[in-house]
Asks: 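Got a structure for you, written out below as structure tokens; questions coming shortly.
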Amino acid sequence: MKPFSTRNHVTIPGLLLLGIGSVLLGLAMGALAYFISTFIYFIIVFPLVIGFIAAVGFQILIEKSKVRHALAAMGFGIVTGIFLAASFYGTPYLVLRNKVTVNYEEKYQLSPRDASVTFDQALEENTGSSGFLGYMKLRATEGDEYSHYLIVNSMPIPLFSFTLKSSGAWLYWFLETLLFLFPIAWLGLATGKHPFNAEANEWYSTASTQIGSVRLEDKQNLLSYFLTNDLNAICQSVVPDGQIKHPMIEIHGQYTKTRKGNILITLKQTFRKDQSTVKRSIMGRWEMPQYEYRELIEMLKNRDRERELAIESIQPGTN
């Protein structure tokens, strides 16, 4: 048994997978978000929901890449959010550009190149800029209309509508971008902190099994038992279920997701925030070989079995 190492785990293939995956995920989610927004859109709520959906996909991407680095994960999460926003705003631009240029080709018998140049010239005449920037300026000038509805008997009833123009539109688009990327970066930061088994090259499962509980006053002794790898003393420190109340020390075990390599042992100190809420803080972590873990579990089972037999042997009336 050894103390758990919190060192980061970063590989070139993992970074490549995370980097390429972040860009592709952001582009795909942004395009999908745009098409959904043409049917339903709730101001502020919509980008936040899309951000959380993208965050779930980004969490899976981090797990596949096996990059354990909180700042790197958060950074790539920001990249994903930026590409999501770029795709969300860029998709309608590409749709409009294609529609207008095709119309120019058919109506004025222009080549695809000349039709594209004509489209940019029209944007520049109206906004002073061509391409995507000119499109966004034109959109800000014309304004985006936002409508809210109340559903009554399955029928939408308009409540109110408003239009954001000029600086108001730009400010909201900035806020919208932040709402897209915040959940992704936040979940990326949290996922990048998850415990990782470097020897097995696998993440530890987020689910843990409580092995037992120890009295809070035995805290220092328990820590010394883990430092000296004294399994017997650890076993004797564990109190049978139901015999102590919070605050206490809980011992938890976690396998890797493929159940390979060491077992992660976590000591958590509990305390009551109120009558119904128990908080936990991590006070130590160790990696234990599976054969030692099985030995500890077997010792606990045998100890409990001996205690049960001792209790059964006590007859009523015995002094």
Side-chain angles (χ1 to χ4, degrees), residues 8-97 129 131-140 143-146 148 164-194 196 203 206:
N8 293 319
H9 181 268
V10 180
T11 62
I12 298 299
L15 287 176
L16 287 175
L17 175 60
L18 191 56
I20 296 172
S22 297
V23 173
L24 295 178
L25 176 63
L27 292 175
M29 282 300 304
L32 178 63
Y34 163 70
F35 288 112
I36 293 175
S37 70
T38 60
F39 297 100
I40 182 172
Y41 184 95
F42 292 100
I43 191 168
I44 295 179
V45 175
F46 179 84
L48 198 58
V49 170
I50 292 296
F52 273 106
I53 294 173
V56 174
F58 184 65
Q59 181 181 35
I60 296 172
L61 182 60
I62 295 175
E63 293 174 350
K64 293 292 184 182
S65 70
K66 299 180 180 179
V67 172
R68 186 197 186 274
H69 194 295
L71 292 180
M74 183 179 69
F76 280 110
I78 293 174
V79 169
T80 301
I82 291 174
F83 273 92
L84 192 162
S87 179
F88 180 72
Y89 303 125
T91 299
Y93 162 69
L94 294 176
V95 170
L96 177 64
R97 187 182 188 94
S129 300
F132 177 68
L133 179 58
Y135 162 76
M136 294 301 290
K137 284 184 176 181
L138 180 64
R139 185 171 160 182
D144 281 347
E145 184 179 357
Y146 299 93
H148 285 254
L164 289 175
K165 292 184 177 182
S166 302
S167 58
W170 287 105
L171 286 172
Y172 180 69
W173 293 335
F174 177 71
L175 173 62
E176 197 171 41
T177 299
L178 292 180
L179 293 175
F180 279 138
L181 66 83
F182 171 74
I184 310 173
W186 172 73
L187 192 58
L189 178 65
T191 305
K193 294 179 179 179
H194 285 174
F196 188 85
W203 294 92
T206 53

Asks: Can you sort out the partners of Lys66 under salt bridge (charged side-chain N to carboxylate O under 4.0 Å, His left out), two or more places apart, ordered by chain and number?
Replies: Glu202
Asks: Please, which pairs that meet salt bridge (charged side-chain N to carboxylate O under 4.0 Å, His left out) have at least one residue in residues 175-184, sequence neighbours excluded?
Replies: none
Asks: Does Tyr34 have any ring-ring contact (aromatic ring centres under 6.0 Å, His included) partners at least two apart in sequence or in another chain, and if so, which?
Replies: none
Asks: Restricting to pairs with a member in residues 34-46, which pass salt bridge (charged side-chain N to carboxylate O under 4.0 Å, His left out), not counting sequence neighbours?
Replies: none
Asks: Under the ring-ring contact (aromatic ring centres under 6.0 Å, His included) test, which residues partner Phe88, sequence neighbours left out?
Replies: Phe180
Asks: What residues form a side-chain contact (heavy atoms from CB on, under 4.5 Å) with Ile40, not counting sequence neighbours?
Replies: Ile36, Phe42
Asks: Please state whether the rings of Tyr146 and Tyr172 are parallel, tilted or perpendicular, taking 30° and 60° as the class boundaries.
Replies: perpendicular
Asks: Quick test of your reading: applying salt bridge (charged side-chain N to carboxylate O under 4.0 Å, His left out), list the pairs with at least one residue in residues 51-63, sequence neighbours left out, ordered by first then second residue.
Replies: Glu63-Lys257
Asks: The criterion is ring-ring contact (aromatic ring centres under 6.0 Å, His included); which residues satisfy it with His194, sequence neighbours excluded?
Replies: none
Asks: Flag the pair Leu17 / Pro13 as yes when at least one side-chain heavy-atom distance between them is below 4.5 Å, and no otherwise.
Replies: no
Asks: Check whether any side-chain heavy atom of Leu164 lies under 4.5 Å from a side-chain heavy atom of Trp170, and answer yes or no.
Replies: no
Asks: Could you pull out the closest heavy-atom pair between Lys165 and Gly143, with the gap in Å?
Replies: CG-CA, 3.5 Å
Asks: Does a side-chain heavy-atom distance below 4.5 Å link Leu71 with His69?
Replies: yes
Asks: Under the salt bridge (charged side-chain N to carboxylate O under 4.0 Å, His left out) definition, can you give me all pairs with a residue in residues 21-35, not counting sequence neighbours?
Replies: none
Asks: Donor-acceptor pair, distance only, cut-off 3.5 Å: does the side chain of Arg139 make one with the backbone of Asp144?
Replies: no
Asks: Give me the atom names and distance for the closest heavy-atom approach of Arg68 to Val10.
Replies: O-CG2, 4.3 Å
Asks: Is there a donor-acceptor pair closer than 3.5 Å between any side-chain N or O of Tyr89 and the backbone N or O of Trp173?
Replies: yes
Asks: Quick one: does any side-chain atom of Ser87 pair with a main-chain N or O of Ala31 as donor and acceptor, under 3.5 Å?
Replies: yes
Asks: What's the verdict on side-chain contact (heavy atoms from CB on, under 4.5 Å) for Ile184 and Leu84, showing C-alpha distance, side-chain angles and the deciding distance?
Replies: CA-CA 10 Å; Ile184 310 173; Leu84 192 162; 4.2 Å; yes
Asks: My understanding is that only residues two or more places apart in sequence, or in another chain, count here; which of them pass side-chain contact (heavy atoms from CB on, under 4.5 Å) with Val56?
Replies: none
Asks: Within the structure provided, determine whether Ile50 and Met29 are in side-chain contact (heavy-atom separation under 4.5 Å).
Replies: yes
Asks: Which residues pass the side-chain contact (heavy atoms from CB on, under 4.5 Å) test with Phe83, sequence neighbours left out?
Replies: Val23, Leu27, Val79
Asks: With Phe52, which residues qualify under side-chain contact (heavy atoms from CB on, under 4.5 Å), at least two apart?
Replies: Leu48, Pro183, Trp186
